[in-house]
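Structure, as structure tokens:
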2 protein chains.
Amino acid sequence: MGPRARQIVAAARALLEEEGADALTMRRLADRLGIKAPSLYKHFPDKAAVATQLTAVAFTELAAALEAADDDSFPALAAAYRAYALAHPHLYTLSTDRPLHRDELPPGVEDRAAAPLLRAVDGDADRARAAWAFAHGMVALELAGRFPPDADLDGAWRAGAAAFTP
Amino acid sequence: MGPRARQIVAAARALLEEEGADALTMRRLADRLGIKAPSLYKHFPDKAAVATQLTAVAFTELAAALEAADDDSFPALAAAYRAYALAHPHLYTLSTDRPLHRDELPPGVEDRAAAPLLRAVDGDADRARAAWAFAHGMVALELAGRFPPDADLDGAWRAGAAAFTP
DNA sequence: GTCTATACCCGGATAGAC
DNA sequence: GTCTATCCGGGTATAGAC
């Protein structure tokens, strides 16, 4: 990726985070960069390729956030996961609601993101995936506005953390 | 809802399930009914209203599927939940990825869908929400194609079921 | 009431000139 | 690398025929 492509991804990220997925159009993205939409296609084959790069950014940052968690316990990792997702709701959703193009990710990020959780469940891959599904499910339902207004989400997170802590 | 509106919802459902969310456009929906797109707006104010009715259908069927589970244990309910979602992937996604209009749902379905799970965790609402998040997370990640190709999903479901079974 | 015809605006994307 | 011009296809709204 050249420097211009990086500028485009940075602009796409800002647009997405500030105004949501619907605002992330090739025209609006070009406007933000002071160019015309067709010019973007000299740097990316299509809009999906821009989204893929945004996913790479999100994965890298999420891996770092998990590595910086208070400790390696599941509650601490869950808190870091939730905090990152709620701080970047549109980026998180974009990077989890479509198939992952692993070949376009920075090498090793997927493993880096998974490692702390895997350690927290003593290397049990099944348990790690289940715990990840719990965290993703909580975040996805919260971001989609699916919980009843009076639901105690902190309580649900605690209950899940307890279920996955030996 | 009049009979014509019900036909429209049925056609929308068939279109969605057969060809996916991108194919569910007002023009294609009208084509399937042998009418023109603007006619749809005499029955529904906008496309979102059609989606809302599809969500109502999914909720009703999911509640029935959970009530028909083999028993009231969490593993049995999780299996029923997963089976329904995988049998209707596009309908499930459509009915969980946007805010819920509770006032347009058949009265009581949300509670009906939640009741079996709540019983399985002895009435603990926090635990029930956590278990729901686990199941939704597993399904959402599977439908979005996010698990690595070699991941043992049955194993992850078993691990989650174990975590939420007292 | 229900439908048809038509139009507007906005998406993604391409071709070809500079 | 950027532009202009253009195409196709969405959601939506209105006017008017039957």
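Within every chain, numbering begins at 1; the chains are lettered A, B, ... in the order of the sequence lines, protein sequences first and strands thereafter.
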Closest nucleotide among [options] to the [X] side chain:
X: B:Thr25; options: C:dA5, C:dG16, D:dG11; value: D:dG11
X: B:Tyr41; options: D:dG11, C:dG16, C:dC3; value: D:dG11
X: A:Pro38; options: C:dT4, C:dA15, C:dG12; value: C:dA15

How far does CE of A:Met138 sit from CH2 of A:Trp157, to the nearest 0.5 angstrom?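 CH2 of A:Trp157 is found 5.5 Å from CE of A:Met138.
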For DNA chain D, which residues of residues 43-54 of chain B approach it to below 4.0 angstrom with any heavy atom? B:Asp46, B:Lys47
Side chain of [X], backbone of [Y]: donor and acceptor closer than 3.5 Å?
X: A:Arg32; Y: A:Arg28; value: no
X: B:Asp126; Y: B:Arg129; value: no
X: A:Asp46; Y: A:Ala49; value: yes
X: A:Arg146; Y: B:Arg98; value: yes

In whole angstroms, how far is the [atom2] atom of [N] from the [atom1] atom of [X]?
X: B:Leu40; N: D:dT12; atom1: CG; atom2: P; answer: 11 Å
X: B:Met26; N: C:dC8; atom1: CE; atom2: C1'; answer: 17 Å
X: A:Lys42; N: C:dA13; atom1: NZ; atom2: C1'; answer: 12 Å
X: B:Glu19; N: D:dG9; atom1: CD; atom2: C1'; answer: 15 Å
X: B:Arg28; N: D:dC8; atom1: CZ; atom2: P; answer: 18 Å
X: A:Ile35; N: C:dA13; atom1: CD1; atom2: P; answer: 15 Å
X: A:Lys36; N: C:dT14; atom1: NZ; atom2: P; answer: 20 Å
X: B:Asp22; N: D:dG11; atom1: CG; atom2: P; answer: 10 Å

Those residues that, when tested against B:Arg4, pass salt bridge (Lys or Arg N to Asp or Glu O under 4.0 Å) (two or more places apart):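 With neighbours one apart ignored, the set is empty.
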Any A:Ser39 side-chain N or O less than 4.0 Å from OP1/OP2 of D:dC3: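 A:Ser39 to D:dC3 OP1/OP2: side-chain N or O found under 4.0 Å.
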Within less than 4.0 Å of OP1 or OP2 of C:dC3, is there a side-chain N or O belonging to B:Arg4? yes
Does B:Arg27 contact D:dG11 through a side-chain donor or acceptor facing the base, at a distance under 3.5 Å?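 It does, because a donor-acceptor pair links the side chain of B:Arg27 to the base of D:dG11 below 3.5 Å.
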Just checking B:Trp132 against A:Phe147, ring centres under 6.0 Å apart?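 Ring-ring flag for B:Trp132/A:Phe147: true, centres closer than 6.0 Å.
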